[in-house]
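Order of listing sets the numbers, starting from 1, for every ligand and every atom in it. Keep in mind it's a predicted model, so treat the numbers as computed, not measured.
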Amino acid sequence: MADRYLSFTGTGPGRFLTRRLGLPQPAPLKRWSAERPAQAGDRLLLTAGKSDLELAAAEPGLGLTASSERPDAVLLDATGVRDIETLAEVHAALHPVVRSVAASGRIVVLGAPLDPADHHQAAVQQALEGFTRSLGKEIGRGRTVNLVRLTDARAAESTLRFLLSPKSAYVSGQVIEVGAREAGDTREAEALTDPDRPLANHTALVTGAARGIGEAVAETLARDGARVVVLDVPQAEQDARRVADRLGGTALTLDITAPDAGERIAAALPDGLDVLVHNAGITRDRRLVNMPAERWSSVLDVNLASVLRTTDALLASGAMRRGGRIVATASIAGLAGNAGQTNYGASKAGIVGLVRSLAPRALAEHGVTVNAVAPGFIETKMTAAVPLLIREAGRRMNSLAQGGLPVDVAETTAWLADPGSGAVNGQVVRVCGQSLLGA
Ligand code: NAI
């Protein structure tokens with residue numbers, strides 16, 4: 001659905017009027033396109049404290065520069081911030097350049113894991129979170145600010161590429177932890193493949209992919225080279241086939257709540273599966289006092305129980321190949337709660353619990369990472385059906401003052417699905433423009 005307010009504020013009179021009235025000023029976001037695959041301008045590298053990362057040398061591919069008049073992106077290495085004095089270097093580094101960062105530009109702060117043996121280091125490293133989230137809220141003009149906690153620059157390459165690129169247009173105010181390079185990182189093996197098609201020779205199955213966010217996910221994974229399997233309910237067979245045909249993939253019509261759904265997926269994919277995206281989801285809103293048991297159980301069954309069952313079945317049978325990626329779909333409603341959505345909020349919070357618990361074991365035992373995306377207000381048929389005033393509030397109550405698009409969730413999923421993202425595990429990444437809900 002078109003965001004008329006965003007179009008209006010893009011005109012001269014619209015900008016003038018909305019500024020005078022103190023109304024939100026959404027900036028049109030610059031997203032990825034084949035014509036504009038990367039930010040065009042400089043990527044400025046700054047440092048606060050004494051860092052051991054040697055980022056420019058470790059990651060020449062990121063194209064970092066030591067000075068720029070008008071950077072498109074700023075990477076601030078604050079991993080060496082250990083005390084109040086070095087924390088002040090964060091201010092000293094960014095204060096002079098923040099104004100010059102281009103519209104739709106990126107600021108990525110790099111932090112270190114909190115040191116349990118040093119409460120001064122822990123305090124100032126945690127301070128980076130408050131700093132990042134606050135800067136994200138004030139920076140405006142479609143610019144985003146995120147924090148990555150890391151120990152190894154190379155393990156974080158796919159994450160930095162994503163966050164510094166137009167693909168992360170609607171991801172802001174996030175804290176992402178990247179571990180050391182582990183068994184799940186198949187990048188070395190993939191080094192010979194085309195960097196524009198990281199998922200070449202990989203099979204990806206997306207549930208609920210006949211339309212909406214799932215369709216965009218399937219499309220983006222196909223762009224990245226994956227053979228996609230478009231799974232949806234039998235009633236959506238025509239749409240599923242249309243999407244699959246367009247993407248050169250295959251359709252699989254199956255109700256994901258079937259008790260043997262995992263076994264049927266495994267049977268349909270005798271060569272195994274590399275990427276599993278749990279996207280299918282439903283809402284059946286009602287306040288708890290008015291909610292019949294059926295509304296509770298149908299939402300819990302589609303959004304959580306089927307995710308648990310199929311994940312277990314595909315891991316246990318070995319259908320998920322080593323180096324595989326599981327990406328589940330939570331929601332900010334699962335983080336913040338939402339009136340009328342006790343069933344939905346419970347199901348989506350359940351996804352967060354599943355990811356946190358399973359991720360380390362799935363990586364250790366199967367070489368598979370498990371992460372989730374948590375979309376905020378995304379422009380889909382689901383949100384178009386929301387009453388006008390609530391819809392407007394949902395759209396504007398985030399730092400970018402607009403709704404996201406299905407492709408924003410898809411790009412985030414594609415980063416998590418990347419063979420180079422093996423050190424990103426157990427993360428729940430919000431794709432919400434830094435929504436105020438649950439922040
Ligand atoms: P949608 O309703 O447009 O698409 C969902 C798809 O899942 C449909 O094609 C549907 O047929 C399929 N599906 C439903 N039950 C199924 C089942 N039992 N087996 C197989 N397929 C099934 O929804 P949308 O907006 O694209 O959402 C996708 C995911 O993102 C859902 O998990 C949703 O909860 C989540 N989400 C969406 C947000 C939004 O703003 N649209 C915000 C937060 C989360």
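- Between S158 and G420, the shortest heavy-atom distance links the atoms OG-O, 3.4 Å.
- Remark: ligand 1 atoms within the under-4.0 Å shell around heavy atoms of G212 are 26 (O).
- In terms of protein heavy atoms, atom 5 (C) of ligand 1 is closest to G281 O, 3.9 Å.
- Scanning both residues, R31 and V407, for their nearest heavy atoms gives CD-CG1, 4.0 Å.
- Atom 38 (C) of ligand 1 has as its closest protein heavy atom M382 CE, 3.7 Å.
- In the candidate list D301, N279, T329, N279 is nearest to atom 31 (C) of ligand 1, counting heavy atoms.
- Of all atoms in ligand 1, numbered sequentially from 1 with element shown, those under 4.0 Å from a heavy atom of L254 are 19 (N), 20 (C).
- Polar contact with ligand 1: present for I213 (N/O pair, distance under 3.5 Å).
- Salt bridge annotation for R242-D239: present, with a cationic side-chain nitrogen under 4.0 angstrom from a carboxylate oxygen.
- The closest side-chain donor-acceptor pair between S168 and R106 falls under 3.5 angstrom.
- Considering backbone and side-chain N/O of I332, none are found under 3.5 Å from N/O of ligand 1.
- By the 4.0 Å heavy-atom criterion, K348 is counted among the residues contacting ligand 1.
- Scanning all protein heavy atoms for the shortest distance to atom 40 (O) of ligand 1 gives I378 N, 3.0 Å.
- Of the possible donor and acceptor atoms, none in the side chain of Y170 sits under 3.5 Å from a partner among the backbone N and O of D408.
- More than 12 heavy atoms of other residues, nucleotides or ligands shown are found within 6.0 angstrom of CZ on R70.
- With respect to atom 7 (O) of ligand 1, the closest heavy atom belonging to the protein is G208 CA, 3.3 Å.
- Residues D255 and R264 are not paired through a salt bridge, judged by the lack of any N-O separation under 4.0 Å between the basic side chain and the carboxylate.
- Residue contacts with ligand 1: A330 is included, with a non-hydrogen atom under 4.0 Å away.
- For R143 against V101, the heavy-atom pair with the smallest separation is NH1-O, 2.7 Å.
- Ranking protein heavy atoms by distance to atom 25 (O) of ligand 1, first place goes to T380 OG1, 3.3 Å.
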Checklist line | Trace of the salt bridge (Lys or Arg N to Asp or Glu O under 4.0 Å) decision for R227 with D274 | finding: CA-CA 10 Å; R227 285 183 297 266; D274 301 289; 5.0 Å; no
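- The pair R154-E157 does not count as a salt bridge, with every side-chain nitrogen at least 4.0 angstrom from each carboxylate oxygen.
- Counting heavy atoms under 4.0 Å from ligand 1, residue I256 touches it through both backbone and side chain.
- Residue T383 has at least one heavy-atom neighbour below 4.0 Å for each of these atoms of ligand 1: 40 (O).
- Of all protein heavy atoms, the one lying nearest to atom 16 (C) of ligand 1 is V233 CG1, 3.6 Å.
- Of all the heavy atoms of I282, the ones lying under 4.0 Å from any atom of ligand 1 belong exclusively to the side chain.
- For atom 21 (N) of ligand 1, the nearest non-hydrogen atom from the set V431, T207, D232 belongs to D232.
- At a threshold of 4.0 Å, the pair E219-R246 counts as salt-bridged, since one of the basic side-chain nitrogens sits closer than that to a carboxylate oxygen.
- Proximity to A280 (heavy-atom distance under 4.0 Å) selects the following atoms of ligand 1: 7 (O), 13 (N), 21 (N), 22 (C), 32 (O).
- In this structure, the protein non-hydrogen atom closest to atom 18 (N) of ligand 1 is D255 OD1, 2.8 Å.
- Each of L44, V74, L75 was evaluated against L64; a single residue qualifies, L75, per the side chain to side chain contact (heavy atoms under 4.5 Å, CB included) test.
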Checklist line | Working for side chain to side chain contact (heavy atoms under 4.5 Å, CB included), residues F131 and V90 | finding: CA-CA 9 Å; F131 171 82; V90 171; 3.7 Å; yes
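- Protein heavy atom at the shortest distance from atom 44 (C) of ligand 1 is Y344 OH, 3.3 Å.
- Remark: distances from the non-hydrogen atoms of G376 to ligand 1 include one below 4.0 Å.
- Remark: distances from the non-hydrogen atoms of R211 to ligand 1 include one below 4.0 Å.
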